[in-house]
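Working notes for the structure below.
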There are 2 protein chains.
Amino acid sequence: MYVTRKADYAIRCVLYLAKNTGRITSVDEISNAMYVPKSFLAKILQCLMKAGIVSSTRGIKGGFQLAKEPKDISLLEVIEAIQGPSAANICAIDKRMCSLSGRCTVHPIWVKIRKKVEQELKKQNFAKLAKKR
Amino acid sequence: MYVTRKADYAIRCVLYLAKNTGRITSVDEISNAMYVPKSFLAKILQCLMKAGIVSSTRGIKGGFQLAKEPKDISLLEVIEAIQGPSAANICAIDKRMCSLSGRCTVHPIWVKIRKKVEQELKKQNFAKLAKKR
DNA sequence: TTAAATAGGACTATTTTGGTCTTATTTTAT
DNA sequence: ATAAAATAAGACCAAAATAGTCCTATTTAA
Ligand code: SF4
Ligand code: SF4
């Protein structure tokens with residue numbers, strides 16, 4: 001589970017939108033508020049669109065909004081929208097990634113850790129995160 | 001916390017040595033047994049030397065041994081010997097890595113996750129891992 | 001003295017990361 | 001109608017990290 005800059009930016013972005021619900025927010029505004037390079041953020045928002053996390057409005061006065069309630073968006077969901085599934089070791093994503101996984105005594109540890117981390121990340125939603133200060 | 005191939009190989013290697021204590025084991029033997037490219041493994045063993053996890057004997061009939069008892073070598077220790085400190089997000093390694101960390105509501109989550117994962121990895125020692133089947 | 005082993009450093013190819021840029025399209029306001 | 005401001009989509013790129021290899025030197029047992 002390594003969170004790339006891209007995923008971290010996505011989290012910042014969703015967090016900003018969660019703090020500004022009920023209106024349309026432009027890439028430019030998010031970019032400035034959350035210190036994310038604008039054109040990179042535009043790409044990131046396209047990923048979040050595909051994942052159904054945000055919705056967009058085109059044209060002048062256009063921008064983005066959350067597609068769901070903040071409380072229904074988890075940290076895990078946003079990370080996976082950007083990076084796909086991840087884990088501390090490849091065999092915890094898919095045991096077929098390592099031919100040794102069948103007899104490896106370390107393998108179950110990675111699976112267990114993955115489970116625990118994902119549990120924690122699923123618990124964290126953006127209503128919670130936006131409220132905290 | 002992403003375990004690279006290099007660190008995974010290191011773990012395999014230490015595990016093999018833990019299963020074969022009391023004698024000197026060559027790179028070639030470990031390489032064949034654990035499916036690690038030989039010349040890469042040689043490099044990895046140099047890292048493990050620096051970290052004080054293994055000791056070497058040069059010359060013909062030379063090779064490697066664990067420098068400590070298997071029960072005193074943790075998974076975390078081996079991973080850090082290869083990769084240095086790691087975490088799910090950069091700010092959990094060093095909060096100065098992100099200028100937002102002071103006011104970021106997500107930051108504490110990464111710190112908490114890191115703590116939990118490292119706790120788990122510290123609990124796992126190579127006596128335990130070598131015994132398991 | 002030779003063969004087999006580690007020590008160490010230089011080197012390299014590929015993949016991933018972290019972006020940018022350009023062109024097209026949409027929509028509102030004048 | 002048209003200009004301005006916004007997203008959409010894809011091509012492109014540089015730098016860093018990853019996953020190694022290779023070569024030379026040194027050590028040491030037989
Ligand atoms: S932990 Fe075991 S199964 Fe997982 S990648 Fe490493 S060797 Fe393979
Ligand atoms: S979680 Fe917050 S502090 Fe950590 S890197 Fe992301 S923005 Fe920075």
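For clarity, every value in this text was computed on a predicted model and none was experimentally measured. So that the names make sense, note that chain A is the first sequence line, chain B the second, and so on, each numbered from 1.
Computed from coordinates, the B/Ile44 CD1 to C/dG8 P distance equals 16 Å when rounded to whole Å. Residue A/Leu45 contributes atom CG, which lies 8 Å from atom P of D/dA8 at whole-angstrom precision. As rounded to whole Å, 13 Å separates atom P of D/dG20 from atom CD1 of B/Ile82. In this structure, A/Lys61 places its NZ atom 11 Å from P of C/dT28, rounding to the nearest Å. The interatomic distance linking A/Gln83 (CD) with C/dT17 (P) rounds to 7 Å, in whole Å. Here C/dA5 presents its P atom at 17 Å from CD of B/Gln46, a figure rounded to the nearest Å. Rounded to an integer number of Å, the gap from A/Leu41 CG to C/dT20 P is 11 Å.
Applying a 4.0 Å cut-off to non-hydrogen atoms, none of the residues of residues 1-18 of chain B approaches DNA chain C. Of the residues in residues 85-107 of chain B, none lies under 4.0 Å from DNA chain C by heavy-atom distance. Listed in residue order, the members of residues 21-36 of chain B having a heavy atom less than 4.0 Å from DNA chain C are B/Ser26, B/Val27.
In this structure, A/Lys132 and B/Val106 have side chains that are not in contact, with every pair of non-hydrogen atoms separated by 4.5 Å or more. A heavy-atom distance below 4.5 Å is not found between the side chains of B/Ile109 and B/His107. Counting heavy atoms from C-beta on, the side chains of B/Gln46 and B/Ser56 never come closer than 4.5 Å. Under the 4.5 Å side-chain criterion, counting only non-hydrogen atoms from C-beta, B/Ile11 is not in contact with B/Ile82. With a 4.5 Å cut-off on side-chain heavy atoms, B/Cys13 and B/Leu45 count as touching. Using a 4.5 Å heavy-atom threshold, the side chains of B/Gln65 and B/Leu17 count as separate. B/Leu129 places a side-chain heavy atom less than 4.5 Å from the side chain of B/Leu75. Contact check for B/Thr105 versus A/Lys131: no side-chain heavy atoms found under the 4.5 Å cut-off.
Taking only side-chain nitrogens and oxygens, A/Ser56 comes nearer than 4.0 Å to OP1 or OP2 of D/dA8.
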Just the atom pairs and distances: protein N or O near nucleotides 12-16 of chain D's N or O, under 3.5 Å.
none

Below 3.5 Å between N/O atoms, which protein atoms pair up with nucleotides 24-26 of chain C? Just atom names and distances, please.
unit_1	atom_1	unit_2	atom_2	d
C/dT25	O2	A/Arg58	NH2	2.8
C/dT26	O2	A/Gly59	N	3.4

Output one line per pair: protein atom, nucleotide atom from nucleotides 21-23 of chain D, and distance, for all N/O pairs under 3.5 Å.
unit_1	atom_1	unit_2	atom_2	d
D/dT21	OP2	B/Ser39	OG	2.8

Please output the side-chain donor-acceptor pairs of residues 112-126 of chain B that fall under 3.5 Å, not counting sequence neighbours, one pair per line with the distance.
unit_1	atom_1	unit_2	atom_2	d
B/Lys112	NZ	A/Glu120	OE2	3.1
B/Arg114	NE	B/Ser86	O	3.3
B/Arg114	NE	B/Glu118	OE2	3.1
B/Arg114	NH1	B/Ala92	O	2.9
B/Arg114	NH2	B/Glu118	OE2	3.3
B/Glu120	OE1	B/Lys123	NZ	3.3
B/Glu120	OE2	A/Lys112	NZ	3.1
B/Glu120	OE2	B/Gln124	NE2	3.0
B/Asn125	OD1	B/Ala127	N	2.9
B/Asn125	OD1	B/Lys128	N	2.9

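The side-chain contact (heavy atoms from CB on, under 4.5 Å) test with A/Ile30 is passed by exactly one of A/Asn20, A/Thr25, A/Leu15: A/Thr25.
Residues B/Ala42 and B/Val27 share a closest heavy-atom pair of N-CG1, 4.2 Å.
Sparse packing is recorded around NZ of B/Lys95, with 12 or fewer heavy atoms of other residues, nucleotides or ligands lying under 6.0 Å away. Shown here is B/Arg23, whose CZ atom has more than 12 heavy atoms of other residues, nucleotides or ligands within 6.0 Å.
Checked against side-chain contact (heavy atoms from CB on, under 4.5 Å), A/Ile90 has the following partners two or more places apart in sequence or in another chain: A/Met97, B/Tyr2, B/Arg5. Under the ring-ring contact (aromatic ring centres under 6.0 Å, His included) criterion, B/Phe40 pairs with B/Tyr9, sequence neighbours left out. Under the rule for a side-chain contact (heavy atoms from CB on, under 4.5 Å), the partners of B/Asp28 that lie at least two apart in sequence or sit in another chain are B/Ser26, B/Asn32, B/Lys38.
Among pairs with a residue in residues 47-67 of chain B, none fulfils salt bridge (charged side-chain N to carboxylate O under 4.0 Å, His left out), at least two apart in sequence or across chains. Screening residues 66-75 of chain B for side-chain hydrogen bond (donor to acceptor under 3.5 Å, both in side chains) gives B/Lys68-B/Glu77 as the qualifying pairs, with residues at least two apart or on separate chains.
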